[in-house]
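Below is one structure, written out as structure tokens; comments come after it.
In what follows, every chain begins at residue 1, and chains take the letters A, B, ... in the order their sequences are listed.
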Amino acid sequence: MEKLPTSVGAAAERPNRRWCRFAGSMVSVAVTLGLLTSFAVAHGIGGRDADFVAATKGPDLLPFMYLGAKHMVTGYDHLLFIFGVIFFLYRLGDVLIYVTLFSIGHSITLLAGVLLKIDVNAYLVDAIIGLSVAYKAFDNLGGFKSVFGVQPNNKVAVAGFGLIHGFGLATKLQSLRLNGNGLVANMIGFNIGVEIGQLIALAVFLIIMVQWRRSASFERYAIGANALILMAGFMLIEYQLAGYFGAWRA
Amino acid sequence: MATEGQISQPLAARTMLAITGGALIAATLIMFGAVLPAEFHWDPLGLGHMSGLDRLWAPSEVAFDTSKSEVAVAREYRAGLRSDVIEIPLRAGGDSTRGDELEYKVKMKKEATLVYEWSVAGIAKEEEFYFDFHGHTLAAGKAMTVATYKQATGTGANGALTAPFDGVHGWFFQNQSVEPVVVRVKISGFYELIPPGDIGNEAGIVANVPADKAFGEQ
């Protein structure tokens, strides 16, 4: 039987660091569990929010900003991807670069998708979003280098997956009978809200990660956490594919 | 040399493959064992049935307007007339295994008619017995059309039903009294009994036997 490490690193740890390590693991677990429990909602915009959007004629910036932020903060697929992206980014400058790339990517397709009424299948887009989650977790552990011997450019990957996430946002917004009157303003409001929501989530992630990384056992737990994110990504893919192939009609 | 945004020491290819394989297997197990049966009513491996998670799934329901009907006053049926007596034992109200309530329905074609008489003996207060007389369609996976004929408390009723659509039609009975009771349902008409365990007779009630054998020979 393995003895629990009592002195290595742990002695130097303040209780709040231990808490943060715990919190970090919990983020992975919570997002994964959230994935399970909120599948029924399929991460769309529903209920009274949808009614509100359908009833809105003309520009109504603030409510749409709120909806965008809410969509992001409650969007486990987007959150998992961002969490994966910043997991091993130690410098704030890098975090800003990657998050900006992601934002540019998803803003382009969000705006273009809605304006040009690009009709993409929501299940397929969401399946690729799931793939982006799995991709980043795999990449985080150095999988591309060790298994395939090549390291794809991460900035390109994050920006590219940003484009896909934007299509996901566009399909959700389009599925709500958006009124042509005030469309551009409302859509931009939604986009701004998405960025605000992303910053809120990012702030929480960074606070946890910065503390968690200080603990000696960080990398060991980090492997497990990324394995969990990888699993969650696979689940997202499978779930969306099941939806695409009409599993409910079976 | 670590790439930015990655673990400092990339994992070995074998470890990486093991983690990926493990993650995929775990994800697939959760998918087939829980999510697909519960969310999509799709259970190819039967895992959802084993775990009981498939019970979480429920089709969306569409209420059927029972207030009006245009059925010919005289009708003919291919099937012959049948009559059955069903005795349904229910445990005392509040039974922890939910043996105090069950549903018994029969299968009917659209515009088929049956007449019924049901009663429950041994209940002092009428309001301690609840019933929901209703029917619904069987189309798997699609939205389910539900017609509610009567929801009330009472210890019996006599009447007739002409089915508004193909499906299963019958009663949900719930004993709220402190004593176990037996519901006696007499029906005649143009319908089919539902084999024990099938939709409409999930409780597994056997018709035309005394109440003590209603759940089959035990």
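- In this structure, B/F40 and A/A242 approach most closely via the heavy-atom pair CE1-CB, 3.7 Å.
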Pair B/T20, A/F138 - check side chain to side chain contact (heavy atoms under 4.5 Å, CB included), show working.
CA-CA 8 Å; B/T20 309; A/F138 187 80; 3.2 Å; yes
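- Expressed to the nearest 0.5 Å, how far CE of A/M235 lies from CG of B/L24 amounts to 11.5 Å.
- Counting heavy atoms of neighbouring residues, nucleotides and ligands inside a 6.0 Å radius, atom CD1 of B/I199 does not exceed 12 of them.
- Residue B/R91 qualifies as open at atom CZ: its count of foreign heavy atoms under 6.0 Å is 12 or below.
- Only the backbone of B/A12 comes within less than 4.5 Å of a heavy atom in chain A; its side chain stays farther off.
- Here CD1 of B/I19 is found 13.0 Å from CE of A/M231. Values are rounded to the nearest 0.5 Å.
- Among all heavy-atom pairs drawn from B/G5 and A/F88, the shortest one is C-CB, 3.4 Å.
- Using a 4.5 Å cut-off between heavy atoms, A/D94 contacts chain B through its side chain alone, with no backbone atom that close.
- The candidate from A/L230, A/V85, A/I86 with the greatest count of non-hydrogen atom pairs under 4.5 Å with chain B is A/L230.
- Contact check for A/Y90 versus B/E4: no side-chain heavy atoms found under the 4.5 Å cut-off.
- Counting non-hydrogen atoms of other residues, nucleotides and ligands closer than 6.0 Å to CZ of B/R98 gives a total of 12 or fewer.
- The structure places CD1 of B/I7 at 5.5 Å from CG of A/L141, a figure rounded to the nearest 0.5 Å.
- B/T15 does not touch chain A: none of its heavy atoms, backbone or side chain, sits under 4.5 Å away.
- For the pair A/S146 (side chain) and B/L11 (backbone), a donor-acceptor distance under 3.5 Å is present.
- A/D139 CG to B/Q6 CD: the interatomic distance, rounded to the nearest 0.5 Å, is 4.5 Å.
- Between atom CG of residue A/L236 and atom CE of residue B/M31 there is a gap of 8.0 Å, rounded to the nearest 0.5 Å.
- For A/Y98, the part lying under 4.5 angstrom from a heavy atom of chain B is the side chain only.
- Note that CZ of A/F245 is 10.0 Å distant from CH2 of B/W42, once rounded to the nearest 0.5 Å.
- Interface remark: A/E238 contributes backbone and side-chain atoms alike to the contact with chain B (heavy atom separation under 4.5 Å).
- Contact of the B/V35 side chain with the A/Y239 side chain is registered, since non-hydrogen atoms from C-beta on lie closer than 4.5 Å.
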